[in-house]
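To keep things clear, I will list the structure first and then write my remarks on it.
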Amino acid sequence: MNNGKGGSRRRSKGIGLNKHIINIIFLGCAVLAVVLSVWGPQAMTEYNDKNVLNSIKLAEEESEDAGYRYSLSSNEKLFILSECLNSQTVPESEMNALTRISDSETEYQNLVGTYAFVLNHKGPTGEEITNSEIYDTCNEGLNALKESGILPNEIMEVSAATHEATLYSAIDVPEPRNNVAVWKLSLVNDRQNANKENRLIDAYIDADDGKIYEFYARTDLAWEDIDADGLIGRWSEYMGLSAPQEYDTDNPLLETTPYYKKYVFEGMGGERTIVTVGFYDGINELFLKISK
């Protein structure tokens, strides 16, 4: 009997000891939770600060030169370039040879106003067509225009020996990130009486995708051979533009030739772009221009 009572007492003491241990563990956990709630956030902040402060982190950032990468549709680019070309005074055809002003004689960089057509002194940024690539790019564009029936197959290829290339930027001055980089290719005229038959005389070429915005070319065609409506339709498809509409003007002084037809494309902000398909008789020069 004594042994039974002693065993009972020992079991009671064991249960009491276990409860005491559990209470101590519970109390310890509670104290730890309080300490972590007070000290934990501060410790994490200090740890993060050590990782951030006094250390160099690399991150990609858009450079100023990448501004022209602002997303513009084909119609918007056409409109900006057209407005910028209309802000300058350099004639674009040898029909106006007596009043032609060379690039070196015109300070484009000093132009002010809503739109500016300026000489790009920085050169290609790495994303654009380079000086060495522009001639092959232009020939690819000429081949595309020939295959589309926009230009006759007889038009000769260009090269650094026959044409000079200059890079320009067409800029929307109030929103300078809205700008278009273009190459201008012009037939070299330093040789007197040079043969210009079936030659590209002038062209403006997109410095990003190589599309030909505007061109003047000597051909064997006559105005009667040219389907202006078909030509402008094929050119708008080539450029990725919206469908053109015919544009009638009552101002006969807009052109120095009676052989032309005008079209209108959607521009920016409710504005429009006028594109002209025309022909200079006598010198047999076919042109498509987006400037006045």
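Side chains included, hydrogens not; waters and symmetry mates left out as well; all remaining heavy atoms used.
- Inter-residue side-chain proximity for Ile232 and Leu288 is flagged as met; some heavy-atom pair is nearer than 4.5 Å.
- Taking the ring centre of Tyr216 as origin, the terminal cationic atom of Lys289 falls outside the region bounded by 6.0 Å and 45° from the ring axis.
- Using a 4.5 Å cut-off on side-chain heavy atoms (C-beta onward), Glu271 and Phe79 make contact.
- At a threshold of 4.5 Å between non-hydrogen side-chain atoms, the residues Pro152 and Lys146 do not count as touching.
- Between Pro174 and Thr114, some side-chain heavy-atom pair lies under the 4.5 Å cut-off.
- Counting only N and O atoms by type, the side chains of Glu133 and Thr130 include a donor and acceptor under 3.5 Å apart.
- Heavy atoms only, all atoms of each residue included: Cys84 and Tyr115 are closest at SG-CB, 3.7 Å.
- For the residue pair Ser82 and Ile290, the shortest heavy atom distance occurs at OG-O, 2.5 Å.
- Put simply, the side chain of Leu145 reaches to within 4.5 Å of the side chain of Ile212, judged on heavy atoms.
- The closest donor-acceptor contact from the side chain of Asn284 to the backbone of Leu221 lies under 3.5 Å.
- Listed for the Tyr135 side chain is a donor-acceptor partner under 3.5 Å among the backbone atoms of His163.
- Side chain of Asp172 to main chain of Ile80: no donor-acceptor pair is present (N/O by atom type, distance under 3.5 Å, no hydrogens or angles).
- Checked by atom type and distance alone, the side chain of Lys196 never pairs as donor or acceptor with a backbone atom of Arg218 at under 3.5 Å.
- Between the Thr257 side chain and the Tyr259 main chain, a donor and an acceptor come within less than 3.5 Å of each other.
- In terms of modelled atom types and a separation under 3.5 Å, the side chain of Asn86 and the main chain of Lys292 share a donor-acceptor contact.
- Residue Met268 holds its CE atom at 7.5 Å from OG of Ser73, rounded to the nearest 0.5 Å.
- Under a hydrophobic-cluster definition in which Ile, Leu, Val, Met, Phe, Trp and Tyr are linked whenever side-chain heavy atoms come within less than 4.5 Å, directly or via other members, Leu119 and Leu185 are assigned to the same cluster.
- The shortest side-chain heavy-atom distance between Arg199 and Ile155 does not fall under the 4.5 Å cut-off.
- Atoms CD and NZ, on Glu140 and Lys211 in that order, are 12.0 Å from each other to the nearest 0.5 Å.
- From Ile171, atom CD1 reaches atom CG of Asn178 across 11.0 Å, with rounding to the nearest 0.5 Å.
- Checking side-chain atoms of Ser236 against main-chain N and O of Leu241 turns up no donor-acceptor pair under 3.5 Å.
- Under the 4.5 Å side-chain heavy-atom criterion for Ile, Leu, Val, Met, Phe, Trp and Tyr, Ile274 and Leu231 are members of distinct hydrophobic clusters.
- Defined by atom type and a distance below 3.5 Å, a donor-acceptor pair is present between the side-chain atoms of Asn120 and Ser169.
- Linking Ile, Leu, Val, Met, Phe, Trp and Tyr whenever their side-chain heavy atoms come within less than 4.5 Å puts Ile201 and Ile283 in one cluster.
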Exercise. Going through the distances and angles, do Lys261 and Asp229 end up as a salt bridge (Lys or Arg N to Asp or Glu O under 4.0 Å)?
Worked result: CA-CA 8 Å; Lys261 196 166 184 180; Asp229 293 343; 2.9 Å; yes
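- Heavy atoms only, all atoms of each residue included: Ala170 and Leu81 are closest at CB-CD1, 3.9 Å.
- With a 6.0 Å radius and a threshold of 12 heavy atoms from other residues, nucleotides or ligands, Glu197 has its CD atom at or below the threshold.
- For the residue pair Ser186 and Asp202, a side-chain donor N or O sits within less than 3.5 Å of a side-chain acceptor on the partner.
- Using a 4.5 Å heavy-atom cutoff, the side chains of Trp183 and Asp206 are not in contact.
- Ring geometry, Phe117 versus Tyr168: the interplanar angle falls under 30°, so the pair is classed parallel (tilted spans 30 to 60°).
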**Request:** For Glu266 and Ser242, run side-chain contact (heavy atoms from CB on, under 4.5 Å): C-alpha distance rounded to whole Å, both residues' side-chain angles, the deciding distance at 0.1 Å, then the answer.
**Result:** CA-CA 7 Å; Glu266 180 183 351; Ser242 59; 4.2 Å; yes
**OP:** I would like to know whether Glu128 and Asp208 meet side-chain contact (heavy atoms from CB on, under 4.5 Å); could you show each step before the answer?
**Re:** CA-CA 5 Å; Glu128 299 157 334; Asp208 289 333; 3.7 Å; yes
| message | Please determine whether side-chain contact (heavy atoms from CB on, under 4.5 Å) holds for the pair Thr162 and Val188, giving the CA-CA distance in whole Å, both sets of side-chain angles, and the decisive distance to 0.1 Å. | response | CA-CA 6 Å; Thr162 60; Val188 176; 5.9 Å; no
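- No donor-acceptor distance shorter than 3.5 angstrom exists from the side chain of Glu214 to the backbone of Ala203, with no hydrogens or angles considered.
- Aromatic rings from Phe215 and Phe287 are positioned such that their centres are separated by 6.0 Å or more.
- Here Tyr204 contributes atom OH and Lys184 contributes atom NZ; the two are 4.0 Å apart, rounded to the nearest 0.5 Å.
- Atom OH of Tyr238 has more than 12 heavy atoms from other residues, nucleotides or ligands within 6.0 Å.
- From Ile205, atom CD1 reaches atom CD1 of Ile129 across 7.5 Å, with rounding to the nearest 0.5 Å.
- Under a 3.5 Å cut-off, the side chain of Arg272 and the backbone N or O of Phe265 do not form any donor-acceptor pair.
- Taking the six-membered ring for Trp, Tyr263 and Tyr247 have ring centres at least 6.0 Å apart.
- Using a 4.5 Å heavy-atom cutoff, the side chains of Trp235 and Val275 are in contact.
- Expressed to the nearest 0.5 Å, how far CG of Leu200 lies from CG of Leu286 amounts to 11.0 Å.
- Under 3.5 Å, the side chains of Thr276 and Lys262 contain a donor-acceptor pair of N or O atoms.
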